Visitor: 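The structure that follows is given in the form of structure tokens.
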Number of protein chains: 2
Amino acid sequence: MNAQPIPSPAVRRLSLYLRHLEQLAAEGVKSVASNELAESLNVTAAQVRKDLGYFGQFGRPGVGYRVRVLIEELRRILGTDRTVNVILVGAGDLGRALLRYKGFRRKGFNLVAAFDVAPGKIGRAVGTVNVHNVSELPSIVRRHKVKLAVLAVPAEVAQETADMLAAAGIRGILNFAPATLHTDADLAVAPVDLAAHLEELSFRIGHHL
Amino acid sequence: MNAQPIPSPAVRRLSLYLRHLEQLAAEGVKSVASNELAESLNVTAAQVRKDLGYFGQFGRPGVGYRVRVLIEELRRILGTDRTVNVILVGAGDLGRALLRYKGFRRKGFNLVAAFDVAPGKIGRAVGTVNVHNVSELPSIVRRHKVKLAVLAVPAEVAQETADMLAAAGIRGILNFAPATLHTDADLAVAPVDLAAHLEELSFRIGHHL
DNA sequence: CCCTGTGAACCTGTTCACAGCG
DNA sequence: CGCTGTGAACAGGTTCACAGGG
């Protein structure tokens with residue numbers, strides 16, 4: 001019934017709204033208006049309303065949005081109303097740090113296992129999970145019905161690793177490798193290039209502004 | 001002479017182009033056409049040409065772009081043709097991993113020091129730098145003329161830390177804290193919300209597509 | 001003839017502004 | 001009367017398409 005002309009920037013802002021709503025809930029705030037939310041997040045009130053409007057009608061005219069209700073709706077929309085299993089591939093420095101990062105769990109993501117090819121890393125525990133040989137990846141992915149993977153391998157092997165993940169049934173990759181992945185349309189990729197963000201800042205401060 | 005109506009997505013793609021060009025250079029490739037570059041990076045050829053066109057005329061009709069030349073131009077534009085000093089604040093798990101991450105150095109960024117408030121962390125070395133008390137931050141920033149900071153502190157103290165950085169003369173913040181920073185227009189912020197990217201993937205695979 | 005550089009057309013996403021509900 | 005929900009107007013970016021240079 002509903003087509004899907006949802007701007008992807010709007011989807012990304014949903015996480016932003018959710019994050020702030022969770023904080024408001026922790027502070028005991030019961031309801032919030034679009035302009036308050038907007039102000040805290042450096043967006044416009046119309047944008048908040050429009051973004052939420054793509055998914056339903058969650059607010060009450062004259063009142064605003066019920067914080068608890070909106071949090072639940074957003075989690076449902078994002079698919080994090082249930083625990084989402086995730087694996088991590090590449091237990092180098094960055095990979096091991098991500099394994100210890102508590103932010104994922106707080107948001108409903110459960111790291112079930114890590115993988116690497118280096119014998120020195122395999123068998124060790126990092127954070128709450130063990131590092132396995134990549135050969136075990138397909139069976140573990142199947143067993144835990146994992147759909148998302150965090151990719152933290154060197155750029156040189158990023159593409160082949162992504163292909164392997166696709167073959168194992170992974171549907172989404174959070175890619176920290178500084179490489180562009182070429183994948184089928186049914187495999188979603190979110191690239192995170194840490195150095196690129198610093199370059200952007202370097203540009204912005206180096207010139208005008 | 002040139003106004004500055006440069007789309008910020010275009011600036012972000014510059015890093016992408018640079019990354020691929022560096023790889024081509026390593027492979028010994030001398031020149032490249034916009035459509036080849038485009039194909040490797042999942043963008044259109046027109047986009048590549050238009051993006052580069054905002055900054056000058058770097059190509060040769062009938063030939064393409066000289067790889068070495070374009071790399072130098074892009075580094076100059078991004079400001080990474082010289083070493084750029086960076087500090088890191090917050091030596092938690094994520095912070096320490098970023099200190100060890102080699103990708104920054106490879107791109108011309110030099111981490112000169114890390115800072116924290118926890119006595120247990122201060123005085124230790126992580127990667128190539130030492131962890132200092134934040135009280136030493138202003139003097140170190142001044143001494144090394146640091147303009148960029150990586151912020152990896154807990155969300156609760158992100159804003160106050162950002163204010164402190166602004167006061168110390170920092171001009172750009174790479175923000176890993178899951179909090180929206182409110183800063184003056186002359187302080188650039190690049191937010192990196194790791195959990196948000198996973199949520200986006202969760203959304204994309206949970207629905208259509 | 002190949003490939004760049006670029007105005008013009010197009011399109012996606014943002015902001016405006018107001019009708020309508022509580 | 002306050003605040004949402006939303007069509008309509010607007011703006012920013014992307015793609016097209018072609019003129020022009022090597």
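The basis for the numbers below is simple: all heavy atoms, side chains too, and nothing from hydrogens, waters or symmetry mates. Below, chains carry the letters A, B, ... as their sequence lines are ordered, and counting in each starts from 1. Computed from a prediction, not measured in an experiment: that's the story for all the values here.
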Visitor: Output, in order, the C-alpha distance, side-chain angles, deciding distance and verdict of side-chain hydrogen bond (donor to acceptor under 3.5 Å, both in side chains) for B:Gln159 and B:Asp163.
Guide: CA-CA 6 Å; B:Gln159 182 63 54; B:Asp163 294 343; 2.9 Å; yes
Visitor: OP1 or OP2 of D:dC3 less than 4.0 angstrom from a side-chain nitrogen or oxygen of A:Ser34, does that happen here?
Guide: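 Indeed not, no polar side-chain atom of A:Ser34 lies that close.
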Visitor: Atom CD of A:Gln47 and atom C1' of D:dC10: how far apart are they, to the nearest Å?
Guide: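 Whole-Å distance recorded here is 14 Å.
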Visitor: Using the side-chain heavy atoms of A:Pro61, tell me which of these nucleotides is nearest: D:dG20, D:dT4, C:dG13.
Guide: D:dT4
Visitor: Among D:dG13, C:dT6, C:dG13, which is the nearest nucleotide to the side chain of A:Pro9?
Guide: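 My answer, after comparing the listed nucleotides, is C:dG13.
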Visitor: Do NZ/NE/NH1/NH2 and the carboxylate oxygens of A:Arg204 and A:Glu200 come within less than 4.0 Å?
Guide: yes
Visitor: Could you give the CG-to-P distance, from B:Asn35 to C:dC2, as a whole number of Å?
Guide: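 For the pair B:Asn35 CG and C:dC2 P, the rounded distance is 12 Å.
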Visitor: Round to a whole Å and report the spacing from CZ of A:Phe55 to C1' of D:dG5.
Guide: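 Checked: the CZ to C1' distance equals 15 Å.
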Visitor: Check the distance between D:dG5's P and A:Leu70's CG and give it to me in whole angstrom.
Guide: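 Between P of D:dG5 and CG of A:Leu70: 10 Å.
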Visitor: If I compare all heavy atoms of A:Thr80 with all of B:Ser202, which pair ends up nearest, and what's the gap?
Guide: CG2-OG, 4.2 Å
Visitor: Rounding to a whole Å, what distance do you find between B:Asp51:CG and D:dT14:P?
Guide: 7 Å
Visitor: Between A:Leu52 (CG) and D:dT4 (C1'), how many Å, whole number?
Guide: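 Whole-Å distance recorded here is 10 Å.
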Visitor: Of the candidate nucleotides D:dG13, D:dT14, C:dT14, which contains the atom at the shortest distance from the side chain of A:Tyr54?
Guide: C:dT14
Visitor: Any heavy-atom pair between the side chains of B:Leu18 and A:Glu199 that's under 4.5 Å?
Guide: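 Sidechains of B:Leu18 and A:Glu199: in contact.
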Visitor: Identify, between A:Gly53 and A:Gly62, the residue whose nearest nucleotide on DNA chain D lies closer to the 5' end.
Guide: A:Gly62
Visitor: In terms of the nearest nucleotide of DNA chain C, which residue is placed more toward the 5' end: A:Val43 or B:Phe58?
Guide: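 Mapping each residue to its closest nucleotide by heavy atoms, the 5'-most match is B:Phe58.
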Visitor: Let me spell it out: for each of B:Ala33 and A:Ala46, pick the nucleotide of DNA chain C with the closest heavy atom. Which residue's pick is nearer the 5' end?
Guide: B:Ala33
Visitor: Please report the distance, rounded to the nearest Å, between CZ in B:Arg13 and P in D:dG12.
Guide: 16 Å
Visitor: Tell me whether the OP1 or OP2 atom of D:dG7 has a side-chain N or O from A:Arg49 closer than 4.0 Å.
Guide: no
Visitor: Ion pair present between A:Asp81 and A:Arg76, side-chain N to carboxylate O less than 4.0 angstrom?
Guide: no
Visitor: Looking at B:Gln57, I'd like to know whether one of its side-chain N or O atoms comes within less than 4.0 Å of OP1 or OP2 on C:dT4.
Guide: no
Visitor: Take the protein atom NZ of B:Lys50 and the nucleotide atom P of C:dA8, then report the distance between them rounded to whole Å.
Guide: 11 Å
Visitor: Answer yes or no: does a side-chain N or O of A:Tyr65 lie under 4.0 Å from OP1 or OP2 of D:dG5?
Guide: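 Yes, within the criterion.
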